[in-house]
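Encoded as structure tokens, the structure appears first; notes follow it.
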Amino acid sequence: MLSKWIERIRQFINPLLPRANYLNRLIWFGCLSVSIPIVLAGSAYYHFSIVKLTDQFKVDNLASITLLKDRMENVLTAVELESLKISANSLVKDNMGKPEFDDYMLFGMILNTFQVHKNSSSLISEIMLYDKLSNAVLTNNYGYLPYMAYKDHDDIDIIMHMDGSGKWVHLPNASQDGYLSFVRKLPLMTIGDQAQGVLAIHVQEDVLEKNLVNYSFAKEQSLMLLDSHNNIILHSKGRNALGQSSALFAGLQEIIKDDNPTGQMTILDDKQERYLAVYYKTTFGRTYISLLPERAMTKELTWIRWVIVSSVLALLIFALLLIYFASKRAYNPIEQLIRYGEHIGNGQPLSPNGNDIEYIKSCLSYLNEQSESLNHYLQKISPNIRNQFLQKLLSGSAVSRASLLDECREQQIPVEGTFVVLVAIVENMFKEKRFLPSEGSIVMFAVTNVMNELLVKSQLTGYILEKNEREGIAILHFNGEASEGEIRERTKAFALEIREALATYLSFSMSVGVGKAYSGIAALAESYREAKLALQHRIINDSDPVLFAEEMEQTGRQSMFFYPNEQEKIIVDALARGEMELAEQALNQFAQIVRGSESYNTIYQCYHVLLSSIIQSLEEKGPGMLDSLEDNWFDQLKARQTSREIYEWFIEIIFPLYKRITEESRKKGAKLAIQVVCKQIKENVGGNHSLIDFADMVGLSPSYLSKLFKKELGVSFVEYVMESKVNKAKKLLEDTDYSVMEIAEMVGYSERNLNRAFQRYVNMSPKQYRLSHR
């Protein structure tokens, strides 16, 4: 079969060789001359890409594991802190291991404490407390249970026999329910087998694993977390490895033995596959590990090998086709020109006037007409091509000197002389809201048109273009005879004309940044960068409409700057109390202090810290306070470029939103507090109810709780207690045979006081009430 195909190829090629043997050799020599450099260049590029990609993977791997460590440490530490708070709670600490630990009232208060701590973190699914002496189990999901009735009592035995206290573990029964558990022996500082009980907090394992997946930058990347005993507690790829010792897995021991807190190395797994490993060891003894297989990196560059092979094959096919057409058609040029002439004449043959030479002249004349039409079209589109080239220069893309000169010559752009870059930005777009964010291109179209007209009117030489639908850019060119003073004066006059014209005709407020003047067009990127840096100083001084880079460099800096902690505290406290006017005054002082640093980065960092404190204050109000936030506040802050815009954003957006959220939360908390108190009164009618005791229980002042009763229920606290006692007594009089004295004791009254209460609310004595309802 193969021999037949070879014979067919020979039959196809052999007729071609005698007719143009020299041409065929020349074609093959050209193809080989091109193929060899492609192979060599492709191989070199492949090797270079492997090195660069490895370095990039190392950087990405380290960034991924660092972000994961920061996020997971916050999550795990928060759960550990909640466990410590519960263990140190007086209800648990003072009653654990004592005979009195069998009071249902105590159980109820402990379960309420559990619910508060569970609501403080969305990760916590269940909190379990076990007392060894009373053999009692308390959970927020099941309440009180005897030890043997608790479905996971085997897990309790495992915890009681564990070494140490305070660790993350995979308990057999809890793991089946998808939980990772943090356990403590109680009381705190327990040694050996002296534990009196156990506290366990179960968190959803799949929620924690989502963090691993979210911080993975590659599909093949594996992320895992080891506890202080080097056991695997989280793994993004292998759930079967959870709870096992890292000693069972080849390669991980090299990481465990390394004394450095962070680092990277290459390891081999059980199948001798190479992995790029990055690890981070925390002060709590936990180890975060990221593993990336070497095949994942080589897979990224498979396309290079395919490009090399495809290029060589394409050249070989092209050579064969070229040989075929050269041998079949290239040796009758007159006939080919005639046919081509008929083709370009839309099928109408051109008159040869009796001979082929005249026909060739007719074809060439037609080609000349088409060439002129093409030149006219290129002149139309040349401004767009020139703008793209200037955009490339502004971005600082690497261009060789020879290539730069050639492209400038083609676009008729001068190379010598002095160049200055101006960047104009529209202000107050947030406040006026005349345009949608998607209409930035419309705004910049109007701005650049005005700038073009002013450039022509001012008789300056230069180019106008727009970038990112946000910036209007002017590139001004001055010949070598212009002095520095003249360049600065004419540049400033042009910038002021732009501001005045846009304010007059379009009602736009503009700020203009001006870069330094440089000799030669190659320095456009530097002048553009300086112009943008000059615009950053609007956050320090937004009163100057035209900002020169030279003046910004000469601005004095304070030798030392201290963050205004006092003003921040006043702002947060005032917001918490609802004193908006005081918060505005403190914000004004805050803005004046941070502006004194005269540093763009310092000012933005200070406002970021202030915004973080406000968000933290909202979080401390209680769980769910930030659920109503729809936008990213930090992105909104970054979009504000001047001190005035930032100040107005805090006053008009952040402060009112803070007030609305806290007021809504305060109303919900007040209703919940009233419900808790009413429930306690109804369930314990015979108790000695005190407004002060109930106020302490719900965390409110007695006077405020009394006002809430009047507002929510329409009666005072004392009246509500009396009505509850009378209603309970009425029920007992109807359904039981207890005496009036016994019923009075049951509801916490003397017989005389019960008679007075019945006269007041029922208009009859208890005995009369019993007779009338039997």
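Nothing here was measured: the structure is a model prediction, and the numbers come from that model.
Scored by the side-chain contact (heavy atoms from CB on, under 4.5 Å) test, Gln585 finds Glu581, Leu582 as partners (sequence neighbours excluded). Thr602 pairs by the side-chain hydrogen bond (donor to acceptor under 3.5 Å, both in side chains) definition with Ser599, not counting sequence neighbours. Qualifying side-chain contact (heavy atoms from CB on, under 4.5 Å) partners for Asn588, counting only residues two or more places apart in sequence or in other chains: Gln592, Tyr647. Arg529 meets the side-chain hydrogen bond (donor to acceptor under 3.5 Å, both in side chains) test with Glu526; sequence neighbours excluded. With sequence neighbours excluded, the residues satisfying ring pair (Phe, Tyr, Trp, His ring centres under 6.0 Å) with Tyr607 are Phe590, Phe650. Remark: Ser612 pairs with no residue by the side-chain hydrogen bond (donor to acceptor under 3.5 Å, both in side chains) rule, at least two apart or across chains. Evaluation of the side-chain hydrogen bond (donor to acceptor under 3.5 Å, both in side chains) rule for Glu568 yields Tyr563, Ser613 as partners, not counting sequence neighbours. Qualifying salt bridge (Lys or Arg N to Asp or Glu O under 4.0 Å) partners for Lys467, counting only residues two or more places apart in sequence or in other chains: none. Scanning for ring pair (Phe, Tyr, Trp, His ring centres under 6.0 Å) contacts around Phe419 gives His477, with sequence neighbours left out. The salt bridge (Lys or Arg N to Asp or Glu O under 4.0 Å) check on Glu466 picks up nothing, with sequence neighbours excluded. Taking Ser519 as the reference, nothing meets the side-chain contact (heavy atoms from CB on, under 4.5 Å) condition, with sequence neighbours excluded.
Scanning all heavy atoms of the two residues, the minimum distance from Val447 to Val426 falls at CG2-CG2, 4.2 Å. Nearest heavy-atom pair across Ala531 and Val421 is CB-O, 3.8 Å. Of all non-hydrogen atoms in Phe494 and Ser458, the two that sit nearest each other are CD1-OG, 4.0 Å. Contact detail for Leu454 and Ile498: the closest heavy-atom pair is CD1-CA, 3.6 Å. Here the closest heavy-atom approach between residue Leu393 and residue Ala525 is recorded as O-CB, 3.3 Å.
Leu460 places a side-chain heavy atom less than 4.5 Å from the side chain of Phe478. Contact check for Ile614 versus Ile654: side-chain heavy atoms found under the 4.5 Å cut-off. Looking at Leu610 and Leu587, their side chains come closer than 4.5 Å, going by heavy atoms from C-beta outward. Residues Leu476 and Tyr463 are not in side-chain contact: their nearest non-hydrogen atoms beyond the backbone lie 4.5 Å or more apart. For the pair Lys532 and Glu471, the minimum side-chain heavy-atom distance is below 4.5 Å.
For the pair Thr448 (side chain) and Phe445 (backbone), a donor-acceptor distance under 3.5 Å is present. Of the possible donor and acceptor atoms, none in the side chain of Thr418 sits under 3.5 Å from a partner among the backbone N and O of Ala517.
Sorted by first and then second residue, the side-chain hydrogen bond (donor to acceptor under 3.5 Å, both in side chains) pairs involving residues 487-496 (not counting sequence neighbours) are Arg488-Glu551.
Between atom CG of residue Leu547 and atom OG of residue Ser511 there is a gap of 6.5 Å, rounded to the nearest 0.5 Å.
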Can Leu422 and Ile475 be said to form a side chain to side chain contact (heavy atoms under 4.5 Å, CB included), step by step? CA-CA 7 Å; Leu422 286 76; Ile475 302 173; over 6 Å; no

Intermediate values then yes/no, side chain to side chain contact (heavy atoms under 4.5 Å, CB included), Leu390 and Ile413: CA-CA 10 Å; Leu390 292 174; Ile413 298 175; 4.0 Å; yes

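Annotation: Glu486, atom CD; neighbour count of heavy atoms from other residues, nucleotides and ligands within 6.0 Å is above 12.
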